[in-house]
Structure formats: structure tokens, C-alpha cells
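Here is the naming used below: chain letters follow the sequence lines, and residue numbers restart at 1 for every chain.
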Amino acid sequence: MNYWLFKSEPDAFSIDDLKAMKGKKDHWDGIRNYQARNLMRDDMKKGDLGFFYHSSCKVPGIVGIVEVVREAYPDFTALDPESKYYDPKASEENPRWVMVDVKFKKKLKKVLSLEYLRTVDELSEMLLLRKGSRLSIQPVMESQWLTILELSAE
DNA sequence: GCCAACGTTGGC
DNA sequence: GCCAACGTTGGC
């Protein structure tokens, strides 16, 4: 069982958009970074849980929890010339990019903002909080996961 | 909108 | 395989 953090720009896709799908699975497409791809392809398992993080917005932070319901498979948006995620180097034989399916688990009662998370001692090692950290799929340590769950319950 | 920090591309 | 140039991310 692994824990993750999924970044999304709420203007493009927010926790409310996922919630509105009422538990229906959604594919997490558009990941175009090798490190993030490899994490999804190699380490992300069905049943894993992840934080839903809002980036590039007024109050960046953790806003909810999702569950991985399908392991990595080819990201078909890479093959679609109409898609903004189209990659001419991807093909049926060599899809290059993968995606997973997730479903909505819960929305936190309050946003755990990036600003706030930075003040929590137990999270000082968290990848998200490192300078220059841009990875859109991040592994989260179990201790960090539990700490954040506790903070979200307060 | 700025810009630091990364990641990727492509010429050599 | 190096590295300059370019593109992107994402906080502020």
C-alpha cells in the first residue's frame, strides 16, 4: 500500500469536478514527465490512496483524497492529435505515456494550504515542500500521510 | 506577470 | 555525451 499526491490545477480539474462524478472512476491523463510516469507505471497499485492537491491557484494546498482504482495503462490522449496532450512521438506500439484511474474518496473539511503545511515540523521532509519541487505525481511517506490525516480531522 | 528551478531538445 | 537554448511549472 502506497500513498501519493496528485497535483491538479483547479481551473482545469478540481476536487469538486471529481466529486461531481459521484464515485465514478476518472482517468488521470496528461502526465508528460518521465519521473511522474515511472512512479505511476512501476509503483502505483490498485487500492493506493492519494491526496488531491490544487496548484497554480489562489490557495494552493491539499483539498481531498482519491483512491487508485486501475493501475497504469496507455494514456490515449497522447495519440489524439486533437488533444492538448498529444505527443507525436507516441504510438500504438509505443504509447510512451501512461495514466491510472482514480475515484473520489473525500473532500477535506478545510484546505490544508501549502503555507500551513510548511509550518508543520513532521512534514519538513515532504517532497512537496522542497524548493523547486514540481513533480506532478509525488510519493508520500506513510508517516506524512498519517500526519496530514490528523491535521485534516482537527 | 515575474522569475527561479527544473526538464527536454537538438546541434555539435 | 555535453550543454546552450528553450519550454514548463507553480509559488508569489
Side-chain angles (χ1 to χ4, degrees), chain A residues 2-21 26-44 48-68 71-102 104-141 143-145 147-152 154:
Chain A
N2 297 310
Y3 299 100
W4 305 96
L5 181 140
F6 293 81
K7 277 189 198 171
S8 185
E9 296 184 20
D11 287 346
F13 189 74
S14 73
I15 187 72
D16 291 318
D17 294 327
L18 185 63
K19 187 179 181 185
M21 297 176 73
D26 182 53
H27 43 262
W28 201 267
D29 59 18
I31 298 295
R32 297 291 178 267
N33 168 283
Y34 289 108
Q35 211 180 333
R37 179 201 68 179
N38 294 348
L39 286 169
M40 286 200 295
R41 188 190 60 193
D42 304 333
D43 297 328
M44 203 175 275
D48 283 357
L49 297 173
F51 290 125
F52 196 116
Y53 178 86
H54 280 174
S55 67
S56 294
C57 56
K58 201 165 177 187
V59 184
I62 292 171
V63 294
I65 293 173
V66 300
E67 178 181 343
V68 176
E71 292 174 15
Y73 61 104
D75 182 345
F76 51 77
T77 63
L79 301 173
D80 176 7
E82 300 298 310
S83 170
K84 65 173 173 170
Y85 297 125
Y86 178 63
D87 180 354
K89 290 181 184 164
S91 65
E92 294 277 357
E93 304 76 44
N94 182 12
R96 200 170 197 214
W97 304 110
V98 301
M99 58 187 174
V100 297
D101 286 352
V102 300
F104 176 82
K105 286 289 277 188
K106 68 184 278 189
K107 183 176 172 180
L108 303 189
K109 292 194 196 78
K110 56 178 183 187
V111 177
L112 293 178
S113 71
L114 182 65
E115 186 183 19
Y116 170 67
L117 293 173
R118 288 195 192 283
T119 68
V120 181
D121 284 346
E122 292 89 334
L123 301 177
S124 60
E125 298 297 310
M126 206 177 168
L127 197 56
L128 178 74
L129 307 181
R130 294 220 188 114
K131 193 178 178 187
S133 166
R134 304 190 319 183
L135 201 55
S136 53
I137 300 283
Q138 301 185 356
V140 172
M141 286 164 51
S143 60
Q144 297 165 345
W145 178 269
T147 296
I148 292 168
L149 276 194
E150 274 179 37
L151 295 172
S152 72
E154 281 171 10

Next item on the list: Answer yes if the ring centres of A/Tyr34 and A/Trp97 are under 6.0 angstrom apart, and no otherwise.
Entry: yes
Next item on the list: For A/Lys58, answer base if it contacts any base atom (sugar-phosphate contacts may also be present), sugar-phosphate if it contacts only those atoms, and nothing otherwise; contact means non-hydrogen atoms under 4.0 Å.
Entry: nothing
Next item on the list: Could you tell me whether a side-chain N or O of A/Asp87 sits under 3.5 Å from a main-chain N or O of A/Ala78, the two making a donor and an acceptor?
Entry: no
Notebook entry, point to check: Is any side-chain heavy atom of A/Leu123 closer than 4.5 Å to a side-chain heavy atom of A/Tyr116?
Noted result: no
Next item on the list: Begin from the C-alpha positions of A/Ser55 and A/Arg134 and carry the test side-chain hydrogen bond (donor to acceptor under 3.5 Å, both in side chains) through to its verdict.
Entry: CA-CA 10 Å; A/Ser55 67; A/Arg134 304 190 319 183; over 6 Å; no
Check: Could you write nucleotides 7-12 of chain C as a row of B, S and -, 5' to 3', where a protein heavy atom under 4.0 Å of any base atom gives B, of only sugar-phosphate atoms gives S, and otherwise -?
Finding: BBBBS-
Next item on the list: Calculate, to the nearest 0.5 Å, the distance between atoms CE and CG belonging to A/Met126 and A/Leu114 respectively.
Entry: 9.5 Å
